[in-house]
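Here is the structure we will look at, set down as structure tokens.
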Amino acid sequence: MAREAIVNALSEALSRAKAAGDLPEDVDLSIELQVPRDSRHGDMATSLPLVLANEVGGSARGIAEKLVAHLDIPKGIVAKSEVAGPGFINFTLAPEYLRGVVRRIVEEPEQYARTNAGGGKSILLEFVSANPTGPVAVVQGRAAALGDSLAKLFERTGWRVAREYYVNDATNSTQVQRFAETLEARYLQQFGREATVPEDGYQGDYVVEMAEELVRAEGDRYLHMSREERLSALYDYSLKKIVDGQQRDMRAFGVGFDQWVFESALYAADEVEAAIETLKEKGHTYEKEGALWLKATELGDDQDQVLIRSDGRPSYLAGDIAYHRNKFERGFDRLIDIFGPDHHGHVRRVKAGVQAVGYDPARFEIFIHQWVRLFQGSEMVRMSKRAGDIVPLSSLLEDVGTDAARFFFLMQSMESHLDFDLELAKKRANENPVYYVQYAHARISSILREAEERRIAVPSVASVNLDLLEHPDEFSLIRKLAELPGEVVEAAARCEPHRMTRYAREVAAAFHVFYTNCRVLSDDDAQLTATRLTLVQATQTVLRIVLDTIGISAPEKM
RNA sequence: GCGCCCGUAGCUCAGUUGGAUAGAGCGGCUGCCUUCUAAGCAGCGGGUCGCAGGUUCGAAUCCUGCCGGGCGUGCCA
């Protein structure tokens, strides 16, 4: 609000300066407003004069003075616009504007930090999509936290969002076959038979557990089958078991999907075949060594890719192209995939495929998040997939809980490696940032409870005198609350949910300072009590919104 | 070899569509509980922003080269 008003006023001042001959007519610049690092530089600042001076010559301070002279910001928003430093213009928000923010939040908590940048357009967000050969692992938990939070941010900014999880269960899938062979070996071992896990099988203990469970549930009946029958039965059994488990993992993490899309269903509907046909028709394929290839190099990839293997089975990529075409055909305006770090080689292939099949690659974004390393204090917990000792998300959740897991996954940008300190995440103490933030909410709840006990009614905004808000720590808090809409917009636009954890800590910090220095429930000043209760309510609303976008709870008590 | 990501305080990281004196948390040290939750607050210390050049009025941020770490580079998914 204030931001738009200032930007508009600056752009008008620019026109007036041109009309008055203070600036040449032909300059045209986008106006950037930033929040200065140093609060002495005001609440917002622009370096426009510096950029202008660079463009047209002359002194930046001189240009700044002229712009300020032409500046006409609507009343009640800015208290002070001043030229500073080498040629910045710094704006200080008016107290009455800040008080108005509190009023707005309390009057319409549901609408606060809801915007319409998306204009009702639709996004399909695909994330996690773990291979159906094991439980959801910790790294994929990171994807789940990122995807879910991103979805919420998009929803707040006017997009319609669908969340999807893709299951690579292609007919006769090599990896599921390999898994079935592994399970077979573990099953046979249960009966003391000589059997070894295939070289490229799955080493994890979870397969042993699956075999034990299978014995408990169905006894030795798989022993009396031909190998072919047995593998076929185990193939179906594993797939169902694993996918059920993954669905349970996601539920436990509080991440819901609108749809689980099965690759096998795309095959059943002949969509893979159809996609390949289209690629052929459009001349993007050729045959070599008995296989069908996609001319991916013509579309930006560094090598061509196999679509149909020489044994006649379509490749993983073929299924993926069909899936992405299917997404576009369902009418989504924008597609976003979140991939794990081991898939970045796949990015260009899928993009090439999407383009080849006739869709605009600009409407399709792929984000790669980096690895998660688990630390027990300063000691790293081994989790290499090769050795089979992957750490399942479910055991992380048992260990630290979903709130801590989600918060930690979102504490840093997705493109940097994440060192997850299990000890820190478990600490119910102030070193733990999750509790720092949740504690602010619990304190607020406690004030509101105490007010109720003292029979102090939470006042209606209309009856409260917000002019009583004048303490510096009250204003610092309000300034933070005022940043929420902008933070949400930025986080969504840049696809950076981790901004929200940082912002959450800042709001909590501002609140804790306010709490320490400004007593809310006063015995002798009913008016001030009412006013501060209103500010507390506004803070509660903001914290709830932020915690919701991160996907963690807002506890009443701690 | 080629491609992607990372390199900022003792540790873990923000900050990177160029802007003012580079920030936070943790750890270390010092204070603060008769009053709404001390899971809190206040303070002190801590930096050649991997290295070297370049562009710019201005570079952690852009360009080039180099060094270090991770990952990818399958008719696996």
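We name chains A, B, ... by the order of the sequence lines, and we start the count at 1 in each one. Keep in mind that what you see is a predicted model, and the values were worked out from it rather than measured.
- Rounded to whole Å, the C1' atom of B:C67 lies 32 Å from the corresponding atom of B:G45.
- For A:Phe262 and A:Tyr267, the ring centers are positioned 6.0 Å apart or more.
- Under the Watson-Crick or G-U wobble criterion, with both distances below 3.5 Å, B:G1 is paired with B:U73.
- Nucleotides B:U61 and B:U56 are separated by 16 Å at their P atoms, to the nearest Å.
- For A:His346, the listed nucleotide lying nearest its side chain is B:A77; candidates were B:A77, B:G19, B:A20.
- Taking only side-chain atoms of A:Gln412, from C-beta outward, the nucleotide of B:C41, B:C71, B:A14 with the closest atom is B:A14.
- The side chain of A:His512 approaches B:C41 more closely than any other nucleotide in the set B:U73, B:C41, B:A77.
- Taking atom CZ on A:Arg443 and atom C1' on B:A39, their separation rounds to 8 Å, with Å as the unit.
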Filtered N/O pairs between nucleotides 5-10 of chain B and protein, under 3.5 Å:
| residue | atom | partner | partner atom | Å |
| --- | --- | --- | --- | --- |
| B:C5 | O2' | A:Glu415 | O | 2.5 |

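- Taking atom CZ of A:Phe88 as the reference point, atom P of B:G58 lies 14 Å away to the nearest angstrom.
- Evaluation of atom-type donor-acceptor distances gives no pair under 3.5 Å for the side chain of A:His343 against the base of B:G72.
- A donor-acceptor contact shorter than 3.5 Å is absent between the side chain of A:Arg178 and the backbone of A:Tyr202.
- For A:Trp371, counting side-chain heavy atoms from C-beta on, the closest listed nucleotide (B:G19, B:C41, B:G70) is B:G70.
- Counting atom types as modelled, A:Asn90 pairs a side-chain N or O with a base atom of B:A20 as donor and acceptor under 3.5 Å.
- You'll find that the side chain of A:Glu450 is closest to B:C36, out of B:A77, B:C41, B:C36.
- Between A:Thr174 and B:A77 there is a side-chain polar atom (N or O) within less than 4.0 angstrom of OP1 or OP2.
- Comment: A:Glu450 engages A:Arg454 in a salt bridge, judged by a side-chain N to carboxylate O separation of less than 4.0 angstrom.
- Remark: P of B:A14 and CD of A:Glu483 are 19 Å apart, rounded to the nearest angstrom.
- With salt bridges taken as basic N to acidic carboxylate O contacts below 4.0 Å, one links A:Asp419 and A:Arg373.
- The side chain of A:His344 lies closest to B:C4 when the candidates are B:C4, B:A20, B:C75.
- Both distances falling under 3.5 Å, in either a Watson-Crick or a G-U wobble arrangement, place B:A24 opposite B:U12.
- Of all nucleotides present, only B:A52 satisfies the Watson-Crick or G-U wobble test against B:U64, with each distance under 3.5 Å.
- The side chain of A:His498 lies closest to B:A14, out of B:G70, B:U12, B:A14.
- In this structure, of B:A20, B:A14, B:A77, it is B:A14 that holds the atom nearest to the side chain of A:Arg502.
- Set against B:A77, B:C36, B:G15, the side chain of A:Val520 has B:C36 as its closest nucleotide.
- Distances shown here put every side-chain N or O of A:Arg505 at or beyond 4.0 Å from the OP1 or OP2 atom of B:C26.
- Dashed line: the shortest gap from a side-chain N or O of A:Arg309 to OP1 or OP2 of B:G74 is not under 4.0 Å.
- The phosphate of B:C41 has OP1 or OP2 within less than 4.0 Å of a side-chain N or O from A:Tyr436.
- A:Gln34 has no side-chain polar atom (N or O) that falls below the 4.0 Å cut-off from OP1 or OP2 of B:A20.
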